[in-house]
Structure formats: C-alpha cells, structure tokens
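What you see is a predicted model, and the numbers here were worked out from it, not measured in a lab. Here is how names work: the chains are called A, B, and so on, in the same order as the sequence lines, proteins then strands, and each is numbered from 1.
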There are 2 protein chains.
Amino acid sequence: MQRHATDLYQNEAGGGRAIRAIPDRICDKWTMLIVATLDEGRMRFTDLHKRVTGISQRMLTLTLRNPERDGLVFRTVYAEVPPRVEYALTPLGESLIPPALALAGWAIEHSPRIGASRTAFDAGRQ
Amino acid sequence: MQRHATDLYQNEAGGGRAIRAIPDRICDKWTMLIVATLDEGRMRFTDLHKRVTGISQRMLTLTLRNPERDGLVFRTVYAEVPPRVEYALTPLGESLIPPALALAGWAIEHSPRIGASRTAFDAGRQ
DNA sequence: CTGAATCCTGACCGATACTG
DNA sequence: CAGTATCGGTCAGGATTCAG
C-alpha cells in the first residue's frame, strides 16, 4: 500500500491523531531501545536493566508498560521466590524491528554527515 | 550492510551515544512531522505553521533549528520587507523520508491491533 | 528480584508580548 | 512576516526508599 509523508501528520479530523500517537509512543526516549534489546531474545527484568544502558529502574518499569499494553511485549510472571519475570517480544513486536532498523541504519549511515553539519552550523553561529 | 537491533543501543564505549542521539533527535515531538511536511515541497514559515497542526509558533521556531543544524533542512532568507523565509529539505533530509515512511506505514498497518491490545490490557487492569 | 511510592529538579512547552 | 524574550505551569524522569 502506497504511503505518503502526509500520513505522518494527518490532522485530527482525518483520524490522524491516533496515527500520530503511535510513532510518538514508539519513539519515546526508551521504548525503541527496549524493543530492540528484546529482539535478542526473552530476558528478565534485571538483564534488561543491565543491557539498556543508562535507564533507571523506575523508567524501565514505567516504560515497559507501554509496549506491553500495546501488545509488542509479553510479560511472564513465574510464581517463585524470589520472583522471576521475563519479557519477550510478541510477533507484533518483532514486526516492528525491520522498520526500526531501517531508521537506525539511516542514522548510522549518515551520522558523520550530520556531525559535520552540526559543526559547520555551530561555527557559523560562533 | 547488515544491521542488528543491537546497533540501536550500543553503549557509549562503542560510539553508540552518538548513534542513539540521532533517532532521539529525529523522533522528538515535532521534527518528524516537520520533515514530512517539508517533503511536500519548499514552503515558508507561516505555511509550515498552518500545516503542522497544533504546534505553537515558538516551538516551530525552536524545533526547526534542530534539523537545520543537522543538515536536513535548508533555510533561505530573502532580503525583502516584509521578510520572507523559506524552508526546504536537503538531499539528506529527503533520504530520511523512506525509513520514516516505513515506520509510519507500520504504525498505520498495525493501528487496529494495537488499539485492541490496549483495550484488552485496560480491561484486565479494570 | 521485581516493582511501587515518594520526593524533587530541570526541561519542555504554551501563552503572551515585543522587535526588525 | 518571522522571529525573540520572558513568565509560568506541567511533567518527565532520576534518586531513594519501601514492599511482596
């Protein structure tokens, strides 16, 4: 199905509010990183905490609820002591990986050019 | 070149901080919308303000500086009275459109499923 | 181990008024 | 027209502590 850039920002009357909300949700500070990390395989809370560098425990807990609610991540609680909770991507979550990689690939590929552009811009501004 | 999801969140030692910063920059509240809007063609500040629904003049000004600094958007000032300023995508900015559309396409395609998942999740929580 | 609750700081961002 | 400047409210999000 053909997409136009306009799809990204349709106004509210066109139902665009919902559409806009989804990239908003996915592109927030941590969600994409968490989903990408879970692409390595199912893992428990602490592993995730170690792998997603820089996130606080609080934000990991809070952020995880979004993709869980959206059906991207599946949460399994084991009735053990101490408790064990594992997170894994659902098929829906896995389907997000290719477009996410496309964006990451773009960023990596053009990183040097963007850096150069910033330097030049800042130099012009003094 | 082969990409892994890990590319998204490489740690600082691996140079990942810069990589992470770029999607952060692109996925902020307005940048993606502005770039997508400019994909329709060069336009002036006021036109952009009208098309990007809901943005304040202040935020449009502030947000525009980021893609401009990154070399995604080119700004042309005409020495006229009243002043005229036009914004357009650079080739680098245009190259962002396909991966951005990939993500938007994913969001649109799976929107119903995500909505259903949210409803179910919220019902379970009461 | 997992995660909820509380506190607190700074950043985001809208409204408004002003300028070249 | 295209910004800049200032004020102020809201809220993201870190640090810490408590709980099951």
Side-chain angles (χ1 to χ4, degrees), chain A residues 9 11-12 17 20-21 23-34 37-38 41-70 73-88 121 124-126, chain B residues 9 11-12 17 20-21 23-34 37-38 41-69 73-88 121-122 124-126:
Chain A
Y9 63 94
N11 63 23
E12 202 167 332
R17 171 183 271 224
R20 274 172 61 163
D24 274 3
R25 172 63 52 95
I26 288 165
C27 286
D28 73 7
K29 189 169 184 185
W30 299 112
T31 301
M32 192 90 95
L33 287 174
I34 289 174
T37 303
L38 284 175
R42 88 172 9 228
M43 64 185 75
R44 38 199 305 190
F45 186 85
T46 305
D47 297 329
L48 211 42
H49 191 17
K50 273 181 243 165
R51 287 182 175 268
V52 181
T53 313
I55 196 171
S56 66
Q57 190 194 50
R58 172 192 146 89
M59 283 317 295
L60 181 56
T61 301
L62 288 181
T63 308
L64 269 169
R65 273 210 288 257
N66 295 326
E68 189 194 347
R69 187 168 99 107
D70 291 348
V73 163
F74 185 68
R75 180 173 177 269
T76 312
V77 184
Y78 295 88
E80 302 176 355
V81 176
R84 180 160 60 107
V85 178
E86 287 186 348
Y87 294 90
F121 184 88
R125 295 261 155 179
Q126 303 298 343
Chain B
Y9 63 93
N11 63 22
E12 202 167 330
R17 173 182 270 226
R20 273 172 63 163
D24 274 2
R25 172 62 53 94
I26 287 163
C27 287
D28 73 6
K29 190 170 184 187
W30 298 111
T31 300
M32 193 89 99
L33 288 173
I34 289 173
T37 304
L38 285 176
R42 86 172 12 227
M43 64 185 75
R44 18 198 321 187
F45 185 87
T46 305
D47 297 328
L48 210 42
H49 192 17
K50 274 181 240 164
R51 285 181 178 268
V52 181
T53 313
I55 198 172
S56 65
Q57 191 197 45
R58 172 194 147 89
M59 282 317 295
L60 182 55
T61 300
L62 289 180
T63 307
L64 270 170
R65 273 210 286 257
N66 295 325
E68 189 195 347
R69 187 167 100 107
V73 164
F74 185 68
R75 180 173 176 268
T76 313
V77 183
Y78 296 89
E80 301 176 357
V81 177
R84 179 160 61 105
V85 178
E86 287 187 349
Y87 293 90
F121 185 88
D122 295 344
R125 294 261 153 175
Q126 306 296 343

Exercise for the section: With side chain to side chain contact (heavy atoms under 4.5 Å, CB included) as the test, would you mind laying out the steps for A:L48 and A:L64 before giving the verdict? Expected result: CA-CA 10 Å; A:L48 211 42; A:L64 269 169; 4.0 Å; yes

Completion exercise
Rounded to whole Å, NE2 of A:H49 lies from C1' of D:dG14 at a distance of 11 Å

Problem - Distance test, side-chain N/O of B:S56 to OP1/OP2 of C:dG14, below 4.0 Å - result: yes

Exercise for the section: Return no unless some side-chain N or O of B:Y87 is found under 4.0 Å from OP1 or OP2 of D:dG3. Expected result: yes

Problem - Rounded distance in Å - CG (B:L62) to C1' (D:dA2) - result: 13 Å

Handout entry: Distance in angstrom units between B:L60 CG and D:dA2 C1', rounded
Key = 10 Å

Fill in the blank from the handout: Here the distance between atom P of C:dG3 and atom CG of A:L48, to the nearest Å, is 10 Å

Practice task
Using atom CE of B:M59 as one end and atom P of D:dG3 as the other, report the distance to the nearest whole Å.
Solution key: 15 Å

Exercise for the section: Identify which one of B:R44, B:R75, B:R42 satisfies the side chain to side chain donor-acceptor pair (under 3.5 Å) criterion when paired with B:E86. Expected result: B:R42

Handout entry: Under-4.0 Å side-chain N/O to phosphate OP1/OP2 contact, A:R44 with C:dC1
Key = no

Exercise for the section: Could you state the atom-to-atom distance from CD of B:E86 to P of D:dA2 in whole Å? Expected result: 9 Å

Completion exercise
Test side chain to side chain contact (heavy atoms under 4.5 Å, CB included), reference B:K50, set B:T53, B:V52, B:D47, output is B:D47

Exercise for the section: Hey, which sits more toward the 5' end of DNA chain D by its nearest nucleotide, A:T63 or A:P83? Expected result: A:T63

Problem - Interatomic distance where CD1 belongs to B:I55 and C1' belongs to C:dC13 [whole Å] - result: 10 Å

Exercise for the section: Give one of base, sugar-phosphate or nothing for B:Q57, where a contact means two heavy atoms less than 4.0 Å apart. Expected result: base

Practice task
State, with a plain yes or no, whether a side-chain heavy atom of A:L60 is found less than 4.5 Å away from one of A:I34.
Solution key: yes

Practice task
Please check the phosphate of C:dC18 (OP1 and OP2 only) for any side-chain N or O of B:R58 closer than 4.0 Å.
Solution key: no

Fill in the blank from the handout: Looking only at D:dC1, C:dC1, C:dG3, the nucleotide nearest the B:P82 side chain is D:dC1

Handout entry: Distance, rounded to the nearest Å, where A:Y78 contributes OH and C:dC1 contributes C1'
Key = 14 Å

Exercise for the section: Quick one: do B:T61 and B:F45 satisfy side chain to side chain contact (heavy atoms under 4.5 Å, CB included)? Show the steps, please. Expected result: CA-CA 9 Å; B:T61 300; B:F45 185 87; 3.4 Å; yes

